[in-house]
There are 2 protein chains.
Amino acid sequence: MKRVTIHDVARKAGVSVTTVSRVLNDRGYISNEMKEKVLNTIEELNYIPNEMARSFFSNQSKFIALIVPTTENPFFGELTFHVEKALAKFGYHLFICNSLNDSENEEKYLRLLNEKRVDGIIVGSHNVDISEYKNYEDQIVSIERKLTKNIPMVQSDDYNGGRLATQELITQGCTNILCVTGDKNVETPANDRSIGYVDEIEKNNYRKNFIEIPFQIDLDEKLKIIKETFQGDFKYDGVFAGDDVNAKLFLNVAKEMGYDVPKDVKVIGFDGTQSIRYLVPELSTVVQPIENLAYEAVTTLLDLLKGKKVKNEVILPVELYLSETTQGSKK
Amino acid sequence: MKRVTIHDVARKAGVSVTTVSRVLNDRGYISNEMKEKVLNTIEELNYIPNEMARSFFSNQSKFIALIVPTTENPFFGELTFHVEKALAKFGYHLFICNSLNDSENEEKYLRLLNEKRVDGIIVGSHNVDISEYKNYEDQIVSIERKLTKNIPMVQSDDYNGGRLATQELITQGCTNILCVTGDKNVETPANDRSIGYVDEIEKNNYRKNFIEIPFQIDLDEKLKIIKETFQGDFKYDGVFAGDDVNAKLFLNVAKEMGYDVPKDVKVIGFDGTQSIRYLVPELSTVVQPIENLAYEAVTTLLDLLKGKKVKNEVILPVELYLSETTQGSKK
DNA sequence: TTTCATATGTCAACCGGATGACATAAATTT
DNA sequence: AAATTTATGTCATCCGGTTGACATATGAAA
């Protein structure tokens with residue numbers, strides 16, 4: 001079935017294609033009557049401009065790619081939502097790429113994005129050899145991930161979040177605090193969370209304790225790692241987990257082992273997604289400003305595409321959300 | 001900065017564009033030496049075909065839109081992930097649309113998708129006047145939502161899920177079972193969950209009880225509705241919630257009110273997302289085959305686009321996941 | 001009266017690649 | 001030797017809309 005084109009509209013309205021194009025793009029001189037006549041014809045024929053043709057001509061796809069490990073993860077699911085919303089506001093559309101943190105996938109996507117001529121890329125994933133990104137420096141912004149010196153990054157104030165969380169545990173009387181981190185070998189601003197922890201611990205002359213729970217291992221393995229922390233003779237009375245999922249896993253294990261939270265051990269997480277607040281409202285956590293991260297990433301990227309100077313780093317404040325796992329049941 | 005085109009490649013290689021195009025598309029006669037020469041030149045110049053031009057010419061964008069309420073919701077976040085994965089397998093890309101269940105948004109998206117010439121649409125949202133979809137009947141598949149007689153739908157076996165859940169509660173000794181539903185006025189296969197519940201309850205001559213928790217209201221209002229169920233003199237000893245979030249909210253309220261789950265009241269949910277299994281592993285639930293739903297929706301849509309005959313309805317089996325909220329702590 | 005802003009039209013070129021038509025040779029079969 | 005297959009080239013056209021150049025005709029301002 002043939003689509004209605006601008007030529008059909010011109011013929012039907014008895015004007016030239018140029019005139020129709022002028023109406024559509026509000027260019028040059030057009031009288032009101034002419035404008036109306038053309039618009040009526042457009043409506044009559046139900047003409048819908050072919051954006052593919054426009055994109056092709058203008059060399060702008062109006063697509064922005066978002067590369068995340070997976071939208072399965074609530075944090076990235078929420079990020080995706082807010083990025084899409086922000087993009088829509090500025091007339092851009094979202095092309096979503098799930099890298100699964102696999103560098104091969106990520107490379108394939110970069111190639112694909114190049115073919116598809118996406119206008120820009122927002123990276124929230126963690127893998128490809130950074131050098132790959134060098135070819136795209138003028139059209140990339142990253143979220144919580146330092147790619148190259150020149151690629152702007154938007155992040156939460158991870159360091160301060162780590163400090164706030166640790167401070168809170170100390171305020172609540174904890175003296176033996178465990179820090180649960182994700183993959184330590186991946187260099188990400190999320191590591192600043194641990195640094196915040198370390199600084200607070202040192203300030204109080206407490207002992208530093210770490211366990212690492214890699215992102216990609218099985219649930220059972222994760223649980224095993226957590227269980228081991230209950231085995232030694234050294235008892236923790238506070239836990240700062242670098243993300244909420246690990247925090248919740250810790251809660252589950254603690255409960256199973258017969259420990260009472262927050263009496264025996266207090267727990268605080270990091271991320272504070274909607275999902276967590278709905279599903280695990282009892283968990284105290286450091287809330288990342290996901291919506292703002294998305295908005296800043298989008299506006300920074302669009303500015304960058306326009307050739308404007310943009311900040312190399314945007315750091316957004318986090319907020320402490322205190323609930324039962326640090327404070328006792330609030331009846 | 002000018003991009004390398006097929007003409008540049010042809011010139012550099014000393015052949016005609018037609019020949020280059022033949023190599024790229026594997027058409028007509030090409031000797032191996034020629035093929036190699038062209039491919040080498042392509043590599044040398046780092047030529048990357050402009051998919052916008054191809055799409056424009058072939059009139060195929062290779063984009064499939066997925067309309068969901070919001071990827072913030074874990075169910076849709078996971079669905080998005082699996083849809084993207086399935087599409088990628090067949091060379092298609094995902095254009096994500098968050099409708100927020102708002103019909104105005106949805107209409108805007110439909111218009112936009114028309115302009116962008118997406119090849120097909122997968123609908124997982126619930127709003128626009130169905131008539132709007134009539135114009136797209138030959139390029140739409142829906143997930144868990146009956147749109148028109150002619151639009152194929154892929155769904156979980158909601159009815160059976162409702163029966164299984166209710167049966168399980170009855171098996172565990174419950175006699176006064178409450179059914180928590182989402183919006184009842186929205187016509188969706190998810191309503192079959194309640195029908196499954198009703199049929200099992202009637203079979204056993206128990207009393208039917210319903211509360212409705214609209215999707216879009218505030219958390220506090222939801223909690224209020226749930227709290228009220230504890231107020232009357234009629235006590236429930238079992239709860240079947242139409243989705244896991246409501247099930248968890250119920251658990252939270254029950255705990256706050258001093259009830260013991262599963263001793264005083266047993267609870268079973270619906271959806272069984274990854275998130276829930278990680279964050280609320282204690283919740284018994286009916287697991288939807290999200291990955292299969294996505295895969296079936298994608299393959300059905302692609303078949304439809306190819307003009308093949310497709311099934312009008314695909315119903316995929318659900319699975320019961322039993323945990324502590326129906327069975328007592330499994331130490 | 002002359003200039004100028006307004007209003008429209010025609011025409012052609014362009015964006016980058018795909019494709020069909022047609023010509024020409026060499027290599028391979030019949 | 002004739003017919004066919006294989007291998008390349010040239011050329012023009014198309015996809016649908018945008019844009020610049022240029023012509024023409026008003027009506028208004030200088």
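All values below were derived from every heavy atom in this structure, side-chain atoms included, with hydrogens, water molecules and symmetry-related copies excluded. Chain naming here is simple, since letters A, B, ... match the order of the sequence lines and numbering starts at 1 in each.
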**Q** Stacking check: are the rings of A:Phe57 and C:dC14 less than 5.5 Å apart at their centres and under 30 degrees in tilt?
**A**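 No, the aromatic ring of A:Phe57 does not stack with the base.
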**Q** Going by an N to O cut-off under 4.0 Å, is there a salt bridge joining B:Glu51 and B:Arg54?
**A** yes
**Q** Could you pull out all residues at least two apart from B:Ile315 that satisfy side chain to side chain contact (heavy atoms under 4.5 Å, CB included)?
**A**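 For B:Ile315, the residues satisfying side chain to side chain contact (heavy atoms under 4.5 Å, CB included) (neighbours in sequence not counted) are B:Gln155, B:Asp157, B:Glu313.
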**Q** Quick one about A:Thr5 and A:Asn50 (side-chain donor to acceptor, distance below 3.5 Å, no hydrogens or angles considered), yes or no?
**A**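 No.
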**Q** Pick the nucleotide of DNA chain D nearest each of B:Glu33 and B:Ser58; which residue has the one closer to the 5' end?
**A** B:Glu33
**Q** Can you tell me how far C1' of C:dA7 sits from CG of A:Asp26, to the nearest Å?
**A**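 My rounded result for the distance is 14 Å.
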**Q** What's the closest nucleotide to the side chain of A:Val15 if the choices are C:dA18, D:dG20, C:dG9?
**A**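 Taking heavy atoms from C-beta onward, the closest nucleotide is C:dG9.
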**Q** Judged by modelled atom types alone, do B:Glu84 and B:Tyr92 share a side-chain donor-acceptor pair under 3.5 Å?
**A**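 Absent: no donor and acceptor within the cut-off.
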**Q** Between A:Thr19 and C:dG9, is there a contact of a side-chain N or O with OP1 or OP2 at under 4.0 Å?
**A**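 Yes, such a contact exists.
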**Q** Of the listed nucleotides (C:dG9, D:dG16, C:dA18), which one gets closest to any side-chain atom of B:Asn25?
**A**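 Shortest atom-to-atom distance from the side chain points to C:dA18.
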**Q** Out of D:dG9, D:dG16, D:dT18, which nucleotide sits closest to the side chain of A:Leu24?
**A** D:dT18
**Q** Can you list the residues that meet the side chain to side chain contact (heavy atoms under 4.5 Å, CB included) rule with A:Tyr47, with sequence neighbours excluded?
**A**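 A:Val4, A:Ile6, A:Val9, A:Leu24, A:Ile42, A:Pro49.
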**Q** Reckon B:Ser21 has a side-chain N or O less than 4.0 Å from the OP1 or OP2 of C:dG17?
**A**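 No, outside the criterion.
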**Q** Select from A:Gly14 and B:Ile6 the residue whose nearest nucleotide in DNA chain C is closer to the 5' end of that strand.
**A** A:Gly14
**Q** Has B:Tyr29 got its ring stacked on D:dT5, by the test of a centre gap below 5.5 Å and a plane angle below 30°?
**A** no
**Q** Heavy-atom nearest nucleotide on DNA chain D for B:Thr18 versus A:Val20: which residue maps closer to 5'?
**A** B:Thr18
**Q** On the 0 to 90° scale, with breaks at 30° and 60°, tag the A:Phe63-B:Phe63 ring pair as parallel, tilted or perpendicular.
**A**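 Ring orientation, 0 to 90° scale: parallel.
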**Q** Please work out which residues in residues 36-54 of chain B have a non-hydrogen atom less than 4.0 Å from an atom of DNA chain D and list them by number.
**A** none
**Q** Think B:Ser31 has a side-chain N or O under 4.0 angstrom from the OP1 or OP2 of D:dA7?
**A**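 Checking D:dA7 against B:Ser31, no side-chain N or O comes under 4.0 Å of OP1 or OP2.
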**Q** Is the shortest distance from a Lys or Arg side-chain nitrogen in B:Glu115 or B:Arg111 to a carboxylate oxygen in the other one below 4.0 Å?
**A**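 Answer for the salt bridge query: yes.
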**Q** Between D:dT18 atom P and A:Ile30 atom CD1, what is the distance in whole Å?
**A**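 Between P of D:dT18 and CD1 of A:Ile30: 13 Å.
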**Q** Do B:Arg22 and D:dG9 share a donor-acceptor pair, side chain to base, under 3.5 Å?
**A**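 Answer is yes: a donor-acceptor pair is held.
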**Q** Just N and O in the side chain of A:Thr5: are any of them under 4.0 Å from OP1 or OP2 of D:dG16?
**A** no
**Q** Would you say B:Arg117 places a side-chain N or O within less than 4.0 Å of OP1 or OP2 belonging to D:dG16?
**A** no
**Q** Could you give the NE2-to-C1' distance, from B:His7 to C:dA18, as a whole number of Å?
**A** 11 Å
